Amino acid sequence: IESSMQCSNEAGLKALLRKTLDLVEAEFSICGSGSLLLSDVTIINGSYPAAWIDSYKTERLYLNDPIVAYHLRFTKTFGWEDALRENMGKTAKKIVSIAQDYGIKHGLSTGIFDPVAQKHSLFSFADRKHTGGIREKTMLDYLSPHLHNALLMSCRDTNSEDPHELLGVQ
């Protein structure tokens, strides 16, 4: 929590993601924010494979990502099995399959909707072998507002005093 309050740039946010990885016992981390219609999206990679992130951003896969879609409907901490249980379209199934090829198989996601900025934040922690349990979900529930604030502070317009003004796709 203290580290999140000191976070003021992308490097600090990546360090915070690495610390959180250890807490939730995961291998990969990523975070992002976007409007409700996903018209402006910021993605900060903590440790996902670079090739996957390049495709994800370039092809705008977040528009059909079942984890993102689930989070936009249910802003809470959740295990990916909850989102993947839902009836997915062909494109969403393809995204999941490609992610699994990179070892991104099991995960937990959290984030909140910020009514001032009209943006969602999403933090995902993934692993090849397992997903977190009740302990990790509870921990992310407590950390979610702090992670969200760190993302806002890291991505804010340096000419603005308002931390709710986020940048576009990075």
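For the numbers below, each heavy atom of this structure counts, side chains included, while hydrogens, waters and symmetry mates do not. What you are looking at is a predicted structure, and each value in this text was computed from that prediction instead of being measured.
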Does L122 share a hydrophobic cluster with L63, counting links as ILVMFWY side-chain heavy atoms below 4.5 Å and allowing steps through other members?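 Result: yes, single cluster for both.
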Anything under 3.5 Å between a donor and an acceptor, one on a side chain of residues 95-108, the other on a protein residue two or more places apart or in another chain? List them.
none

Side chains of S154 and N9 only: does a donor on one sit below 3.5 Å from an acceptor on the other?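 Short answer, no.
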Any donor-acceptor N or O pair under 3.5 Å, side chains S33, S121: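 Result is no, nothing qualifies.
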Criterion side-chain contact (heavy atoms from CB on, under 4.5 Å) against I44, the qualifying member of I30, L151, I53: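 Of I30, L151, I53, side-chain contact (heavy atoms from CB on, under 4.5 Å) with I44 is met by L151 alone.
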Taking D40 first and then K119, would you say they form a salt bridge - that is, a charged N and a carboxylate O separated by under 4.0 Å? yes
Salt bridge or not for D54 and K57, using N-O below 4.0 Å? no
Nearest heavy atoms of A150 and S4, plus distance in Å: CB-O, 3.7 Å
Roughly how far, to the nearest 0.5 Å, is the [atom2] atom of [Y] from the [atom1] atom of [X]?
| X | Y | atom1 | atom2 | answer |
| --- | --- | --- | --- | --- |
| H146 | I112 | NE2 | CD1 | 10.0 Å |
| K137 | Y142 | NZ | OH | 15.5 Å |
| C31 | N45 | SG | CG | 9.0 Å |
| L17 | S47 | CG | OG | 7.5 Å |
| T42 | E10 | OG1 | CD | 9.5 Å |
| L61 | S55 | CG | OG | 7.0 Å |

Do E59 side-chain atoms and Y56 backbone N/O form a donor-acceptor pair below 3.5 Å?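 No, E59 side chain to Y56 backbone: no donor-acceptor pair under 3.5 Å.
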Donor-acceptor under 3.5 Å (S29 side chain, T20 main chain): no
Does any non-hydrogen side-chain atom of D114 lie less than 4.5 Å from one of L152?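 Yes - at least one pair of side-chain heavy atoms lies under 4.5 Å apart.
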Measure the shortest side-chain to side-chain distance between E25 and F125 over non-hydrogen atoms and say whether it is less than 4.5 angstrom.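 Result no, sub-4.5 Å side-chain heavy-atom pair not found.
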Worked verdict on E81 versus R85 for side chain to side chain contact (heavy atoms under 4.5 Å, CB included): CA-CA 6 Å; E81 66 278 359; R85 248 187 248 125; 3.5 Å; yes
Side chain to side chain contact (heavy atoms under 4.5 Å, CB included) for H120 and L72? Distances and angles first, verdict last. CA-CA 7 Å; H120 277 272; L72 289 174; 3.4 Å; yes
If you draw a 6.0 Å radius around CZ in F74, do more than 12 non-hydrogen atoms from other residues or ligands fall strictly inside? yes
Ring-ring centroid check F78 Y70, cutoff 6.0 Å: yes
With sequence neighbours excluded, what pairs up with E86 under the salt bridge (Lys or Arg N to Asp or Glu O under 4.0 Å) test?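 By the salt bridge (Lys or Arg N to Asp or Glu O under 4.0 Å) rule, E86 matches R73.
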CA sep, side-chain torsions, deciding dist, call: L23, L140, side chain to side chain contact (heavy atoms under 4.5 Å, CB included): CA-CA 9 Å; L23 289 174; L140 285 178; over 6 Å; no
Return the set of residues passing side chain to side chain donor-acceptor pair (under 3.5 Å) with W80 (not counting sequence neighbours), or none when no residue passes.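 Testing W80 for side chain to side chain donor-acceptor pair (under 3.5 Å), a comparison that skips the adjacent residues, returns S109.
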I43/V41 under side chain to side chain contact (heavy atoms under 4.5 Å, CB included): CA gap, chis, key distance, verdict: CA-CA 6 Å; I43 298 172; V41 174; 3.7 Å; yes
